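Counting convention: from 1, in listed order, for ligands and their atoms alike. The chain is numbered in sequence order, starting from 1. Values below: every heavy atom of this structure, side chains too, minus hydrogens, waters and symmetry copies. The model shown is predicted, which means the values in this text are computed figures rather than measured ones.
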Amino acid sequence: MTSGFSLPRVGTTDNPVRLAVLVSGGGSGLAALLRYQRTPRCHRTTLVIADNTDVGGLQHGRDAGVTSVGVPLPMEVEKRKRRVAHERLVNAELEAADVELVVLSGYMRILTPWFVRRWKGRLINIHPSLLPDFPGAHAHRDALAAGVSVTGCTVHLVDEGVDSGPILAQREIEVLAGDNEEALQERVKMAEHILYPEVLDRLCSGQISL
Ligand code: GAR
């Protein structure tokens with residue numbers, strides 16, 4: 001196995017792998033995953049965490065009866081130590097809920113090596129480009145600026161880099177003439193919403209090895 005990655009246990013519909021989904025925005029990916037999990041799967045979302053209390057995605061969790069908490073940055077902590085202090089709060093929620101796999105679904109914070117090492121192999125991200133192309137927070141803008149004719153989305157295990165780590169699956173989406181960021185984002189999201197649950201099925205049923 002690629003060094004340092006410890007994959008989740010094999011789940012069953014009777015004893016699904018307990019997922020936490022981390023969001024920063026509207027959470028359409030979270031909503032799609034929760035819809036998918038209405039049918040018993042080998043994974044189940046048991047916790048939603050947002051990096052603020054007013055994040056729209058929290059409502060999708062609440063609507064599905066899933067514990068959903070906003071964990072804002074602890075502004076009382078001095079700036080230099082705030083990022084890790086925030087991650088410790090997030091980690092405490094994950095541990096209290098006995099979470100086994102963490103899914104970054106539009107979570108827009110870069111995680112520190114401390115957090116990544118704690119969850120390595122059990123921390124996956126969806127990114128709206130065909131990595132390694134266009135990492136970072138502006139994937140669609142960067143893809144349009146580069147003039148590519150095909151972009152897409154990537155699900156990968158998270159390592160200590162930014163949008164790097166072993167790629168589990170990708171889907172291509174054609175860039176159409178006249179596309180702007182919003183139009184492209186919407187089409188890529190539709191692919192993400194199908195890809196993410198598929199990868200979770202494979203990962204949580206022991207079909208992925210590194
Ligand atoms: C998704 O397209 C996801 O791939 C992207 O944010 C969007 C979240 O949408 N993530 C990143 O850009 C991470 N670097 P949503 O809140 O509607 O699910």
Are [X] and [Y] close enough that some pair of their side-chain heavy atoms sits under 4.5 Å apart?
X: Val17; Y: Leu203; result: no
X: Leu94; Y: Phe115; result: yes
X: Ile126; Y: Val199; result: no
X: Pro16; Y: Arg41; result: no

To the nearest 0.1 Å, how far is [atom] from its closest protein heavy atom, and which atom is that?
atom: atom 16 (O) of ligand 1; value: Gly27 N, 2.8 Å
atom: atom 13 (C) of ligand 1; value: Met108 SD, 3.7 Å
atom: atom 3 (C) of ligand 1; value: Glu192 OE1, 3.5 Å
atom: atom 12 (O) of ligand 1; value: Pro128 CD, 3.4 Å
atom: atom 6 (O) of ligand 1; value: Gly106 CA, 3.6 Å

Backbone of Leu73 reached by a side-chain donor or acceptor of Arg82 within 3.5 Å
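Looks like no, no N/O pair under 3.5 Å.
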For atom 18 (O) of ligand 1, state which one of Ala50, Gly29, Ser24 supplies the nearest heavy atom.
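Selected option, by shortest heavy-atom distance: Gly29.
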Return the option from His127, Lys189, Arg109 holding the heavy atom at the smallest distance from atom 14 (N) of ligand 1.
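Nearest option to atom 14 (N) of ligand 1, by heavy atoms: His127.
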Min heavy-atom dist Gly26 to ligand 1 below 4.0 Å:
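Yes.
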Consider ligand 1: state whether an atom of it lies below 4.0 angstrom from any non-hydrogen atom of Ile126.
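Yes; Ile126 lies near enough to ligand 1 that a heavy-atom distance drops under 4.0 Å.
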Any nitrogen or oxygen of Ser28 lying under 3.5 Å from a nitrogen or oxygen in ligand 1? Just yes or no.
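Yes - when backbone and side-chain N and O of Ser28 are compared with those of ligand 1, one distance drops under 3.5 Å.
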Would you check if there is a donor-acceptor pair between the side chains of His193 and Ser28 at a distance under 3.5 Å?
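Yes.
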At under 4.0 Å between heavy atoms, which part of Gln185 makes contact with ligand 1: side chain, backbone, both or neither?
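It is neither part, as no heavy atom is under 4.0 Å.
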When Val188 is tested against each of Met190, Glu192, Glu186, Gln185 for side chain to side chain contact (heavy atoms under 4.5 Å, CB included), which residue passes?
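Of the listed options, the one satisfying the test is Glu192.
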Validate the cation-pi geometry between Arg88 and Trp114: distance from NZ or CZ to the six-membered ring centre under 6.0 Å, angle to the ring axis within 45°.
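Yes - Arg88 lies over the ring of Trp114, closer than 6.0 Å to its centre and within 45° of its axis.
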